[in-house]
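Written out below as structure tokens is the structure these notes cover.
Below, all heavy atoms of this structure are taken into account, side chains as well, without hydrogens, waters or symmetry copies.
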Amino acid sequence: MNKSETKSSKLLGIVLFHSFIPGKLFKVKAIGHSNNTGDNGAGKSTLLSLLPAFYGADPSKLVDRQADKVSFVDYYLPTPKSVIVFEYEKLGERKCSVMYRNGSSVAYRFLTGTAEQLFSQHLYDELIKQGSETRTWLKNLVSQSMLVSSQIETSVDYRAVILNNKNRLAQRSRAGKNLVAIAHEYSLCSASHNMNHIDILTATMMRHKKMLSRFKTMIVDCFLNNTSMDDVPYKKEYINLANSLDVFVQLDTKKSKFDEAVASKDSLDEYIKQLNSYRAQIASYLRQLASNDTQLSDKIRSQKELYGSLVSERKDRLQKLDTELSIHRTEFERKSKVVDAIYNKRDKYENEDDILGKITLYNSLSDLLKETESAKKHFDNLLEDVETEESTFNSQVQKLELECADFRSRKQREINSILNTKEEIFEQKNDRFEVVK
């Protein structure tokens with residue numbers, strides 16, 4: 001098992017800036033069991049409704065548009081500065097997915113790092129400046145210190161990336177929008193796996209948060225179906241008592257509304273106290289602002305003079321940065337093509353080159369090596385036997401050659417003695433012939 005397969009992927013927290021609470025930056029942890037408490041209207045359900053958005057649910061379906069409620073973009077991302085950051089862990093590595101306003105719709109980007117790094121002091125100061133937008137802030141400033149993905153325009157493409165939906169990624173690749181590299185880097189699962197229907201499951205859970213209470217009501221209804229409630233009281237004097245009890249029963253059914261009304265009154269009283277304190281603070285702030293106005297006018301004049309001198313320097317700097325940016329963009333496009341080619345080769349390597357068969361063949365090499373070693377030993381033994389037989393044969397050949405040479409010499413001597421005997425016989429015969437003559 002690979003080390004990456006033993007590491008987990010999970011949502012760690014949600015960070016909101018200038019969202020449904022204007023001007024506030026706050027983080028909600030989502031590790032383990034988190035308790036989300038607060039008064040009515042404090043934003044508990046509003047915050048929980050963001051969970052399906054992290055898993056790629058359509059934002060337009062997360063806000064109830066009845067009773068003239070605003071859309072998801074206008075409610076959660078009311079200004080160009082508004083941003084929602086989901087900090088999560090992908091196989092042990094910290095990542096962030098960012099939702100922000102892009103005109104009248106939602107746009108997405110991914111980045112490598114933590115939310116704390118994203119909202120570090122110098123980046124946060126640039127974001128809160130007047131006229132700044134999250135879209136340009138991520139593209140031009142955050143990308144200089146953190147690895148930031150390209151912009152994703154739709155929730156369908158975002159869902160394909162975060163859940164590694166290979167079919168959708170392949171369709172977008174054929175359409176010219178390559179999201180495979182982003183999915184391999186930022187999806188919740190590894191590149192060889194994918195997730196399905198997580199967005200629908202979480203959205204369904206958010207919409208059915210009263211399922212347990214409804215289940216209890218169903219049990220009570222089933223019990224009452226087997227119990228008769230229409231009997232007249234045994235004694236007539238109990239009729240008034242039964243009617244009174246019925247009134248109390250009806251009141252008990254409205255108890256939750258009474259409790260809500262009392263709680264609302266207490267919360268409204270608290271809000272009125274807070275508003276009165278805010279009114280006094282605003283009055284003091286106005287007096288302070290009036291005294292600071294004259295000082296600011298002097299500073300503005302001096303800053304305008306300084307601004308004129310800085311503009312020229314800034315223009316030169318911007319020209320240099322534009323040149324460097326064009327160089328970096330060219331290099332980035334080249335490297336992106338290289339990365340795409342690598343991923344395409346990897347897909348071909350996994351799908352077309354029968355890597356499983358080759359892995360099986362490679363795993364069987366040890367058995368083949370053992371068989372080869374055994375065959376080599378057998379061959380060496382045969383070779384030794386052949387050499388032994390060859391030496392025995394050579395010794396026998398030498399022995400036979402010696403015996404043959406000895407045999408030839410003996411026969412040659414016999415032939416020579418026979419020839420000598422023949423010559424002697426011929427000589428004797430000649431001598432006798434001459435004697436006879």
Side-chain angles (χ1 to χ4, degrees), residues 1-2 4-11 49-62 72-73 84-93 95-100 102 105-112 147-207 332-333 335-360:
M1 183 179 292
N2 296 329
S4 60
E5 295 176 355
T6 62
K7 297 180 180 179
S8 62
S9 298
K10 56 191 175 184
L11 178 64
S49 297
L50 290 175
L51 292 177
F54 168 67
Y55 295 103
D58 188 356
S60 62
K61 297 180 180 179
L62 300 179
F72 178 92
V73 179
I84 302 172
V85 180
F86 298 97
E87 184 177 356
Y88 65 100
E89 192 172 70
K90 178 215 165 82
L91 302 178
E93 187 178 3
K95 308 284 186 181
C96 288
S97 67
V98 184
M99 297 178 63
Y100 55 95
N102 185 25
S105 61
V106 178
Y108 307 83
R109 283 184 190 269
F110 291 93
L111 56 90
T112 301
L147 181 60
V148 180
S149 71
S150 58
Q151 180 171 285
I152 299 175
E153 305 289 343
T154 64
S155 61
V156 178
D157 289 343
Y158 169 81
R159 181 167 60 251
V161 172
I162 197 70
L163 302 182
N164 198 26
N165 188 332
K166 295 183 179 181
N167 294 330
R168 176 66 182 179
L169 295 175
Q171 292 176 3
R172 298 299 289 155
S173 296
R174 289 192 291 270
K177 182 71 172 179
N178 192 354
L179 301 174
V180 176
I182 302 177
H184 285 185
E185 181 67 22
Y186 295 103
S187 65
L188 287 170
C189 53
S190 61
S192 59
H193 297 82
N194 63 294
M195 304 171 68
N196 294 319
H197 309 307
I198 305 298
D199 54 319
I200 300 174
L201 289 174
T202 52
T204 303
M205 291 172 64
M206 294 303 103
R207 286 197 297 268
F332 176 75
E333 291 176 356
K335 290 183 178 180
S336 297
K337 292 179 180 179
V338 172
V339 170
D340 293 339
I342 290 172
Y343 281 117
N344 291 331
K345 288 183 179 179
R346 177 182 174 177
D347 295 336
K348 180 181 178 183
Y349 178 73
E350 291 178 348
N351 300 326
E352 298 179 6
D353 293 342
D354 191 18
I355 186 61
L356 294 177
K358 293 181 179 178
I359 289 173
T360 304

Practice item. Take Asn165 and Arg159, measure what side-chain contact (heavy atoms from CB on, under 4.5 Å) needs, and give me the verdict at the end. Key: CA-CA 8 Å; Asn165 188 332; Arg159 181 167 60 251; over 6 Å; no
Practice item. Start with the C-alpha distance between Asp340 and Asn178, add both sets of side-chain angles, then the distance that settles side chain to side chain donor-acceptor pair (under 3.5 Å), and finish with yes or no. Key: CA-CA 8 Å; Asp340 293 339; Asn178 192 354; 2.9 Å; yes
Exercise for review: Determine, stepwise, if the pair Ser60 / Phe72 fulfils side-chain contact (heavy atoms from CB on, under 4.5 Å).
Suggested key: CA-CA 6 Å; Ser60 62; Phe72 178 92; 5.8 Å; no
Review point. Are Leu91 and Ser190 close enough, and set up right, to give a side-chain contact (heavy atoms from CB on, under 4.5 Å), and what steps lead you there?
Key: CA-CA 8 Å; Leu91 302 178; Ser190 61; 4.2 Å; yes
Point to revise | Trace of the side-chain contact (heavy atoms from CB on, under 4.5 Å) decision for Ile84 with Val98 | key: CA-CA 6 Å; Ile84 302 172; Val98 184; over 6 Å; no
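Atom CG of residue Asn102 and atom CZ of residue Arg109 lie 9.0 Å apart, to the nearest 0.5 angstrom.
The main-chain N or O of Asn164 is never found under 3.5 Å from a side-chain atom of Ser187 such that the two would form a donor-acceptor pair. Side-chain atoms of Ser155 do not come within 3.5 Å of backbone N or O of Asp58 as any donor-acceptor pair.
Considering only heavy atoms from C-beta on, Ile152 comes within 4.5 Å of Val161 through its side chain. Within the 4.5 Å cutoff, no side-chain heavy atoms of Lys166 are placed close to those of Val180. Ile182 is not listed as a side-chain neighbour of Tyr158, based on a closest heavy-atom distance of 4.5 Å or more. Residues Ser149 and Tyr186 have side chains in contact (heavy-atom distance under 4.5 Å, counting atoms from C-beta outward). Proximity of Glu89 to Leu11: side-chain heavy atoms (C-beta onward) are nowhere separated by under 4.5 Å.
Looking at every heavy atom in both residues, Ala183 comes nearest to Lys90 through O-NZ, 4.3 Å. Nearest heavy-atom pair across Ala181 and Val339 is CB-CG1, 4.4 Å. The two residues Arg168 and Ala160 have their closest heavy-atom pair at CG-CB, 3.3 Å. Here the shortest heavy-atom pairing between Met99 and Ala53 reads SD-CB, 4.1 Å.
With ring centers used as reference points, Tyr108 lies 6.0 Å or more from Tyr100.
Between Phe86 and Phe54, the two ring planes are tilted [angle within 30° to 60°].
Stacking of Lys95 on the aromatic ring of Tyr88 is not recorded, the 6.0 Å distance cut-off and the 45° axial limit not both being met.
A salt bridge links Arg172 and Asp157; the closest N-O separation between the charged side-chain nitrogens and carboxylate oxygens is under 4.0 Å.
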